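Everything on this sheet refers to the single structure shown next.
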2 protein chains.
Amino acid sequence: MVAESGPRRRTGGRSAVVLTSIRKAVEELITEGGSEAITIPMVAERAGVNHSSIYRRWGDARTMINDLATYRLDPERGLPDTGDLRADLTAWAQELIGHYSIPVNAALLRGGAAAAGERESDCLRDRRAEAAGFAARSGSTFSGDDVIDRVVAPIIYRAVFLPWTLTEADVHTYVDELCDRSA
Amino acid sequence: MVAESGPRRRTGGRSAVVLTSIRKAVEELITEGGSEAITIPMVAERAGVNHSSIYRRWGDARTMINDLATYRLDPERGLPDTGDLRADLTAWAQELIGHYSIPVNAALLRGGAAAAGERESDCLRDRRAEAAGFAARSGSTFSGDDVIDRVVAPIIYRAVFLPWTLTEADVHTYVDELCDRSA
DNA sequence: ACTGTAACGCACAGTACTTGGCATTAAGTC
DNA sequence: GACTTAATGCCAAGTACTGTGCGTTACAGT
């Protein structure tokens, strides 16, 4: 998934089918037993794919899961942009909550968390870029870090550690406190 | 580590030495390669302990790591309580930052995150109990959930996903916004 | 000290994962 | 449609992890 130079990649046809099968299998398995219970032979068997194909593509389960987690929310999907910053932020935050309310996405997030802390291993980098985009629209009312601290962090914290409370996250209060800061 | 009824446990002497050795080995290994790269034979070899002792005590690596992560910050250590709630909260938050600034603690936290989402598998439950204690002292100014959302979540988010920015977390602002809410 | 037994070390068997060579299939290009 | 070769499937060997039975050690309580 990372852009590479070199020989022409084959992204369609059979390769695409294999990738789709693998993704489906990983998501099923991760929902059932979490990210740490996944092995490559398990994925291969459920996907109906030979295990050597997976080893060659990713090398190990950790790399595979992190890769699949990173691209689970399409970075090209487009962000809310009605001109009303507060409404757009709220809609965006609610999209995040909806996304991580689905068990498979929360489980993938936990897998990404386990692999985090290293450079180039961050399944939330696209989310931070989106936060920075909103901050830019705010002038200097708040920064990208402020969006992370006050809106993204509470949502992600709940998604990882307290998934059953995720829908109770009070998005409106988060956004209001962010937009109405006296600082 | 979990309190159990039944036959009298042996917590001292050789058992304590074994546990200490295992803890040290796990912390070294997790610092070196993250929580997912750990296997029980690796821990056993480095700790100079037979692997069967580890299998019998925890069963699998995931359970072991989550258990060690849960009790890394002693729940009995005592909390700041000078009478100045704002100062106490600030000191507590700074203690958390100091704790997770140490790479091994952050790595253990990631290991705990990977195992989270299941009941009885939550390495931050003691932190939430502490947050609830502060909330109780505040009367009804803020709740335990508020402390989590506004103070704990930003710190934990950074510790897991952006450890190199953890020390930039603005504890004073977090606490001020929590204590000065107009709501 | 003496006793009961929890916890440990050792050894072995069973299972599962990992890796590479080789043949086959089919995506991308002209 | 023909060609190049990326990607996959198959297989087999090597390696590592998992789990248990049994004897030994030594903690905890008397």
Side-chain angles (χ1 to χ4, degrees), chain A residues 1-26 28-30 32-68 71 111 114-115, chain B residues 1-26 28-30 32-68 71 111 114-115:
Chain A
M1 321 293 259
V2 174
E4 293 177 26
S5 60
R8 299 158 195 75
R9 297 281 171 209
R10 297 180 177 179
T11 58
R14 184 167 68 160
S15 295
V17 172
V18 167
L19 179 57
T20 301
S21 302
I22 292 172
R23 165 166 268 129
K24 181 167 180 291
V26 168
E28 288 176 8
L29 289 168
I30 213 170
E32 293 168 15
S35 66
E36 295 196 329
I38 290 185
T39 65
I40 290 186
M42 285 167 65
V43 174
E45 185 185 14
R46 180 159 319 198
V49 166
N50 195 278
H51 64 263
S52 60
S53 299
I54 302 179
Y55 280 113
R56 289 199 178 88
R57 200 189 275 246
W58 287 287
D60 60 82
R62 179 175 168 170
T63 302
M64 175 187 69
I65 292 169
N66 190 62
D67 189 55
L68 295 178
Y71 295 93
Chain B
M1 322 285 271
V2 174
E4 292 177 29
S5 59
R8 301 161 191 72
R9 297 286 172 207
R10 297 182 177 179
T11 57
R14 185 167 71 162
S15 295
V17 172
V18 167
L19 179 56
T20 302
S21 301
I22 291 172
R23 183 184 292 279
K24 181 168 180 289
V26 169
E28 288 176 7
L29 288 167
I30 213 171
E32 293 167 15
S35 65
E36 296 197 330
I38 290 185
T39 65
I40 291 189
M42 287 167 63
V43 174
E45 186 185 14
R46 179 157 321 195
V49 166
N50 195 277
H51 66 263
S52 63
S53 298
I54 302 180
Y55 280 113
R56 288 203 174 87
R57 199 189 275 246
W58 288 287
D60 60 82
R62 180 174 167 169
T63 302
M64 174 187 68
I65 292 170
N66 189 62
D67 188 55
L68 295 178
Y71 296 92

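For clarity, every value in this text was computed on a predicted model and none was experimentally measured. Residue numbers begin at 1 in each chain, while the letters A, B, ... track the order of the sequences.
Looking at the side chain of A:Asn50, the nearest of the listed nucleotides C:dG4, C:dG9, D:dG9 is D:dG9. Comparing D:dC22, C:dC17, D:dT8 against the side chain of A:Thr39 picks out C:dC17 as the nearest. Distances from the side chain of B:Arg14 to the nucleotides C:dA7, D:dA7, D:dG9 place C:dA7 closest. Here the nucleotide nearest the side chain of A:Arg56, chosen from C:dC22, C:dA7, C:dG9, is C:dC22. The side chain of B:Tyr55 lies closest to D:dT18, out of C:dC8, D:dG9, D:dT18.
The interatomic distance linking A:Leu19 (CG) with D:dT8 (P) rounds to 9 Å, in whole Å. Distance CD1 (A:Ile54) to P (C:dC17): 12 Å, rounded to an integer number of Å. One can place CG of B:Asp60 at 16 Å from C1' of C:dA16, the figure rounded to the nearest angstrom. Distance CE (B:Met64) to P (D:dG19): 13 Å, rounded to an integer number of Å. Taking atom CZ on A:Arg10 and atom P on D:dG9, their separation rounds to 14 Å, with Å as the unit. Following rounding to the nearest Å, A:Trp58 (CH2) and D:dA7 (P) show an atom-to-atom distance of 12 Å.
The two residues A:Ser35 and A:Ile65 have their closest heavy-atom pair at O-CD1, 3.6 Å.
For the 3.5 Å distance criterion, the side chains of A:Ser53 and A:Asn50 fail to qualify, holding no donor opposite an acceptor.
B:Ser52 contributes no side-chain N or O that forms a donor-acceptor pair with the base of C:dC8 under 3.5 Å. For D:dT8, its base never sits under 3.5 Å from the side chain of A:His51 at any donor and acceptor pair.
For DNA chain C, the residues of residues 40-49 of chain A within the heavy-atom distance limit of 4.0 Å (strictly under) are A:Pro41, sorted by number.
Annotation: salt bridge (charged side-chain N to carboxylate O under 4.0 Å, His left out) contacts involving residues 33-42 of chain A, sequence neighbours excluded, are absent.
Using modelled atom types, one side-chain atom of B:Thr20 and one backbone atom of B:Ala16 make a donor-acceptor pair closer than 3.5 Å.
A 4.5 Å side-chain heavy-atom check between B:Ile22 and B:Trp58 finds at least one atom pair inside the cut-off.
One finds no side-chain N or O of A:Ser15 lying less than 4.0 angstrom from the OP1 or OP2 phosphate oxygen of D:dA7.
Considering CD of B:Glu28 and CZ of B:Arg23, their distance stands at 13.5 Å, rounded to 0.5 Å. Distance check: A:Met64 CE to A:Ile40 CD1 gives 5.5 Å after rounding to the nearest 0.5 Å.
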